[in-house]
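Below is one structure, written out as structure tokens; comments come after it.
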Amino acid sequence: MNDPSTDGEHPGWPLRNLLALVSFHLKEKKVVKVICLRENKVAGQQSVDHSLYLEIELQPLPNSEMPKVVGWERNSKGKLTSKFVDLSASMDPAKISESSV
């Protein structure tokens with residue numbers, strides 16, 4: 001899976017969501033193997049050296065209710081979408097200079 005995390009030892013939240021979904025559908029304990037692919041450029045060359053390989057033991061979820069996941073929220077119409085935050089006002093140079101005085 002494509003992993004957005006910059007932490008050297010831990011994968012990002014998309015893997016947590018994927019593992020929650022897999023656990024939701026499991027009938028018995030299972031070990032899953034995951035490659036967390038992290039692409040970046042090192043000295044002008046593509047590199048995947050910071051990628052992670054994990055073997056994770058998953059248990060079936062104890063109840064049939066889907067667990068809460070991160071990264072998505074319901075909008076005003078009740079549809080699940082990614083959260084969008086407009087930070088442009090807080091990054092306005094004029095407002096930043098005013099607040100620093």
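Two different hydrophobic clusters hold Met1 and Val48 under the rule that ILVMFWY side chains link at heavy-atom gaps under 4.5 Å.
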Atom pairs and distances, donor-acceptor, side-chain atoms in residues 29-37, under 3.5 Å, two or more places apart:
none

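Enclosure of atom CD in Gln59 by more than 12 non-hydrogen atoms of other residues, nucleotides or ligands within 6.0 angstrom is indicated. Environment of CD in Gln45: sparse, with no more than 12 heavy atoms of neighbouring residues, nucleotides or ligands closer than 6.0 Å.
Taking NE2 of His25 as the start and CG of Leu61 as the end, the distance is 9.5 Å to the nearest 0.5 Å.
What you find for Gly12 and Ser5 is that their closest heavy atoms are N-CB, 3.3 Å. Scanning all heavy atoms of the two residues, the minimum distance from Leu26 to Pro60 falls at O-CB, 3.5 Å. Heavy-atom minimum distance, His10 versus Leu52: C-CD1, 3.9 Å.
Here Asn40 pairs with Val42, Ser47, His50 under the side chain to side chain contact (heavy atoms under 4.5 Å, CB included) rule; sequence neighbours left out.
At least one side-chain heavy atom of Leu58 sits less than 4.5 Å from a side-chain heavy atom of Leu19.
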